[in-house]
Amino acid sequence: QVQLVESGGGWVQAGGSLRLSCAAPGHAFTILSMGWFRQPPGQEREFVAAITWDGVHKYYADSVKHRFTISRDNAKNMEYLQMNSLKPEDTAVYYCAVPSPYGPALTSDTAGSSALYEYWGQGTQVTVSS
């Protein structure tokens with residue numbers, strides 16, 4: 001079982017920035033590929049970004065490319081999502097997620113599928129006002 005704890009959500013005006021953090025306390029963080037998803041109000045959960053365990057490969061949804069940056073600090077057991085140039089349509093609950101260690105590898109073909117991910121955080125609310 002992998003427990004995930006998100007933080008850093010809040011309210012911001014359009015054009016502003018926020019940084020989300022995700023921790024996996026008590027787990028061997030360095031072996032985990034990780035991802036971020038979001039669920040806008042009244043909509044389905046959607047992929048945002050993902051990063052391989054070594055930080056070498058990063059994948060982004062087209063809607064956030066060039067505005068959001070995913071990163072990780074394995075020494076601190078933390079994953080981050082830096083969100084810049086925020087838009088009202090970025091308003092959502094943001095979730096940190098970890099793939100099953102026994103499932104397919106995180107690749108450009110698999111990163112966007114929620115079925116790849118076995119463990120999910122509780123979510124953190126991000127609200128962007130116009």
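- Under a cut-off of 6.0 angstrom, the local environment of CD in Glu89 is crowded, with over 12 non-hydrogen atoms contributed by other residues, nucleotides or ligands.
- In this structure, OH on Tyr80 lies 5.0 Å from CG on Asp73, to the nearest 0.5 angstrom.
- The line from CD1 of Ile51 to CD of Glu79 is 6.5 Å long, rounded to the nearest 0.5 Å.
- Nearest heavy atoms, Leu20 versus Gly9: CD2-N, 3.6 Å.
- Expressed to the nearest 0.5 Å, how far CD1 of Ile70 lies from OH of Tyr60 amounts to 6.5 Å.
- Two residues are said to be in side-chain contact when any heavy atoms from C-beta on lie closer than 4.5 Å; Tyr59 and Leu106 meet this criterion.
- Here the side chain of Ser21 pairs no donor or acceptor atom with the backbone of Ser7 at under 3.5 angstrom.
- For the pair Gln13 (side chain) and Ser129 (backbone), a donor-acceptor distance under 3.5 Å is absent.
- With a 4.5 Å cut-off on side-chain heavy atoms, Val128 and Leu18 do not count as touching.
- With sequence neighbours excluded, the residues satisfying side-chain hydrogen bond (donor to acceptor under 3.5 Å, both in side chains) with Gln125 are Thr127.
- Atom CZ of residue Phe47 and atom CG of residue Asp62 lie 10.0 Å apart, to the nearest 0.5 angstrom.
- When atom types are taken as modelled, the side chain of Glu44 and the backbone of Gln39 share no donor-acceptor pair closer than 3.5 angstrom.
- Within the 4.5 Å cutoff, no side-chain heavy atoms of Arg72 are placed close to those of Met78.
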CA sep, side-chain torsions, deciding dist, call: Leu4, Trp120, side chain to side chain contact (heavy atoms under 4.5 Å, CB included): CA-CA 6 Å; Leu4 301 172; Trp120 296 82; 5.6 Å; no
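- A salt bridge does not link Lys87 with Asp90: none of the charged nitrogens is closer than 4.0 Å to a carboxylate oxygen.
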Side chain to side chain contact (heavy atoms under 4.5 Å, CB included) between Met83 and Ser17, intermediate numbers included: CA-CA 5 Å; Met83 306 186 295; Ser17 299; over 6 Å; no
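- Judged by distance alone, the side chains of Asp109 and Thr107 never bring a donor and an acceptor atom under 3.5 Å apart.
- Between the side chain of Thr110 and the main chain of Ala105, a donor-acceptor pair closer than 3.5 Å is present.
- Residues Arg19 and Leu81 have side chains not in contact (no heavy-atom distance under 4.5 Å, counting atoms from C-beta outward).
- The heavy-atom pair separating Cys22 from Met34 by the smallest distance is SG-CE, 3.7 Å.
- Checked against side-chain hydrogen bond (donor to acceptor under 3.5 Å, both in side chains), Lys58 has no partners two or more places apart in sequence or in another chain.
- Remark: side-chain polar atoms of Ser33 are paired, donor with acceptor, to backbone N or O of Trp53 under 3.5 angstrom.
- Aromatic pair Phe37/Tyr95: centroids not less than 6.0 angstrom apart.
- Residues Ser108 and His57 fail the side-chain proximity criterion, which asks for heavy atoms closer than 4.5 Å.
- At a cut-off of 3.5 Å, with distance as the only test, a side-chain donor of Ser100 or Glu118 sits close to an acceptor on the other residue.
- Counting only heavy atoms from C-beta outward, the side chains of Thr124 and Val93 never approach each other to under 4.5 Å.
- Note that the CH2 atom of Trp36 and the OH atom of Tyr117 stand 12.0 Å from one another [nearest 0.5 Å].
- How far OG1 of Thr91 is from CZ of Arg38: 9.0 Å, rounded to the nearest 0.5 Å.
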